[in-house]
Structures are given as C-alpha cells and as structure tokens.
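These notes concern the structure reproduced below.
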Amino acid sequence: MPDDAFASHLADALDRTTEHLAPDLTRLTADAVRRGRSRRNRRNLGAGVGACALIAVAGLVAPGALNAARSAGSSDIEPVALAMPRSAISGTEMIRALEKTYPGSRFSGKEGQSNDPSNPSAGKVANGSLLVDDGHGGPAQVGVSAMRLQLPLTDGEGLTCENTFGNPDIGDTCELTELPSSPTLPGGAFVMSEKIADKDPADGPTAYRWTTTVTVKSTGAQVQLVQWNAAAAPADATTPRKPNRPAPPLTPHQAATALTGPAWTPILGAVG
C-alpha cells in the first residue's frame, strides 16, 4: 500500500482513537503517523486507550490505533504481540538510563513513562525521551522504549528488515545482526539497526532517524533506542524536521553496545 494511503488509514483510525486524549498527546500521536516512514514508527502498544504509552521522538502510536487501522483496510502491518513485563520500571529509571547512555552531555526536555505489570491492558511499555547536547552540533532528540515480546519470537518488530517502509534510493538502510549468548544476554540477542529519512532528500535537507533495537532471544525483552540528527518535532505535524547535525550522538554500533551495557542490563532484566 502506498505511504500516502497508509497514512490516511492511520489518520482516520487515530481520529477515533485519540478523541479521549489530551490535546498535546493527540498532536504527538498525529505527528507520529504523518511523519513516520517505517513500520517501527507504528508499533502497537497493546489494547486500550487508558494508558497511552507514547514517545514523540520514537513515533510510538497510541494503543489500539493499529487494530483500528487494520480494520480500515491496511494489510501491511503486523501488530506486535506483547507479554507482561516481569517487574515495574519507572519513567525516572528510563530517563536515568538514557542519561548514562550519553556521558558528559547536557540534557533537557526530559519525559518518562512507567510500565505497570498489574495492568494487563495498558501497562506493558516503559519509555523515556530527552534532548541530548553533546557539543557536536545542535541538540538531538532521543527516545527509548522497553517492553517484552511474546515467545516464541516471530518476524515482528526488531527481528526482520523485511516489509519495512524504508526507501534505499534516498538513503534508508536496515541491518539485522546477532549477538552471542552471555550472562546478560542469555541465549543471545537480535540487533536491528535502521536509518530512515524524515522526507525525500530531493525536496531539500532532511533529518534522519536512527533506530537500534535489541531483543533478547530467551526472554523476549526488548529495548529500542531512537536518535535524530535534529531537535524536537515542529508543532505543525506536516512540517519535516530540520537537521542540525550530520549524525546522531551515537553510531549504530555504539548504540548497540550501550543497550547491552551496564546502564540497560537492569532494564532488560526487569522487562524479561
């Protein structure tokens, strides 16, 4: 299905899904749909509008939006089957782990959301976002989510580069690798790295979104880090982000190393 048609289906679904959300949250959700270019931008976070686990930077969509979109005629999206996390993770913990990921940087615009293992309908995702000023260009918006996929793992989010909406002709890339088993990654892990343009570079300078997803094979624990080479999204959801630096704060390899290091090991353990 063409991107414009897909976005139209999702926009219609979000009109129904977000009617109970606060205005600022509705804007961020609409921004995620209109600006998202890959399936990773449109993750299904579970059923129910009550606890909307949404990060503006990561482009996460309100719970229930994808199910509605599929009923509206989209057959390209495979919703992610989530399991309940093993224990609670606070939004503050997510922010602290993000700060440890970028040592020596200055931070602003911090936002975090806790998961809630006692809420089976809407408590499955913890997330956080902030602006990172590392002194190498303008501040970069980054976001992270932590969740647990149902086992056995299938070709879902963060496990395959097939059926994404990236366009190699404009510089979009996707790579899937594996890490060996270790005490912190029992059974090994999948690492998926994506680079997706915010708009066609032929239309002028464009920002890119780099997404690194680590999924532990034996537990389904998953942490996803999204980095932009731009600051916060414009208030107008139809306006593309403008790049303020050539690259994100971390390379994909550095991001994968960080997500499997000391700052995120407790998060992976709490999720799975």
Side-chain angles (χ1 to χ4, degrees), residues 3 7 24-25 27-38 40-43 54-61 91 94-113 127-145 164-175 192-213 223-259 263:
D3 284 349
D24 58 339
L25 202 54
R27 180 188 65 77
L28 295 179
T29 305
D31 175 67
V33 172
R34 296 189 181 100
R35 304 160 61 74
R37 292 181 44 84
S38 81
R40 306 208 51 71
N41 264 15
R42 296 175 282 268
R43 178 187 301 276
L54 181 148
I55 314 176
V57 56
L60 301 182
V61 176
M94 296 293 287
I95 294 298
R96 288 174 179 170
L98 265 181
E99 292 175 335
K100 292 178 181 178
T101 304
Y102 303 95
S105 299
R106 294 181 295 177
F107 307 103
S108 60
K110 304 176 187 178
E111 295 183 23
Q113 179 170 301
N127 59 51
S129 66
L130 47 74
L131 288 173
V132 177
D133 184 355
D134 59 359
H136 300 289
Q141 193 169 25
V142 303
V144 67
S145 60
T164 60
F165 297 117
N167 183 354
D169 294 337
I170 62 174
D172 294 349
T173 62
C174 181
E175 180 183 18
M192 185 171 171
S193 302
E194 292 178 279
K195 175 187 175 184
I196 304 293
D198 196 31
K199 68 172 184 177
D200 191 334
D203 297 331
T206 183
Y208 281 85
R209 186 190 75 248
W210 285 259
T211 303
T212 303
T213 307
V223 175
Q224 180 185 85
L225 178 68
V226 177
Q227 305 179 97
W228 289 86
N229 63 334
D236 179 3
T238 64
T239 302
R241 297 180 191 234
K242 294 183 179 180
N244 58 13
R245 52 192 294 151
L250 298 180
T251 66
H253 176 73
Q254 290 171 329
T257 299
L259 293 179

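Residues take their numbers from the sequence shown, with the count starting at 1.
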- Message: To check you understand the geometry: which heavy-atom pair defines the closest contact between Thr212 and Ala255, and what is its length?
- Response: OG1-CB, 3.5 Å
- Donor-acceptor under 3.5 Å (Thr206 side chain, Lys199 main chain): yes
- Donor-acceptor contact present, side-chain Asp198 to main-chain Arg209, <3.5 Å: no
- Side-chain donor/acceptor of Arg241 to backbone N/O of Ala231, under 3.5 Å: yes
- Count the heavy atoms of every other residue, nucleotide or ligand shown that sit under 6.0 Å from CZ of Arg96, and state whether that count exceeds 12. no
- Query: Could you state the interatomic distance from CD (Gln113) to CG (Asn127), rounded to the nearest 0.5 Å?
  - Reply: 5.0 Å
- When rounded to the nearest 0.5 Å, the distance separating CE of Met192 from SG of Cys174 is 3.5 Å
- Task: Could you go through the side chain to side chain contact (heavy atoms under 4.5 Å, CB included) check for Leu225 and Leu98 one step at a time?
- Result: CA-CA 9 Å; Leu225 178 68; Leu98 265 181; 3.8 Å; yes
- Message: Test your reading of the model: is there a side-chain donor-acceptor pair from Gln227 to the backbone of Leu250, 3.5 Å cut-off?
- Response: yes
- To the nearest 0.5 Å, tell me how far Thr101 OG1 sits from Leu259 CG. 6.5 Å
- Task: Answer yes or no: is there a donor N or O on one side and an acceptor on the other, between the side chain of Asp133 and the main chain of Pro139, under 3.5 Å?
- Result: no
- Working to the nearest 0.5 Å, report the span between CZ of Arg106 and CG of Asp134. 10.0 Å
- Message: For the backbone of Tyr208 and the side chain of Asn229, can you confirm whether one donor and one acceptor N or O come within less than 3.5 Å of each other?
- Response: yes
- Interatomic distance, CD1@Ile196 vs OG1@Thr173, rounded to 0.5 Å, equals 7.0 Å
- Query: Once you round to the nearest 0.5 Å, how far does OG of Ser129 lie from CD of Glu111?
  - Reply: 4.5 Å
- Item | Test item: Phe107 and Val132 side chains (from C-beta on) under 4.5 Å apart, heavy atoms | yes
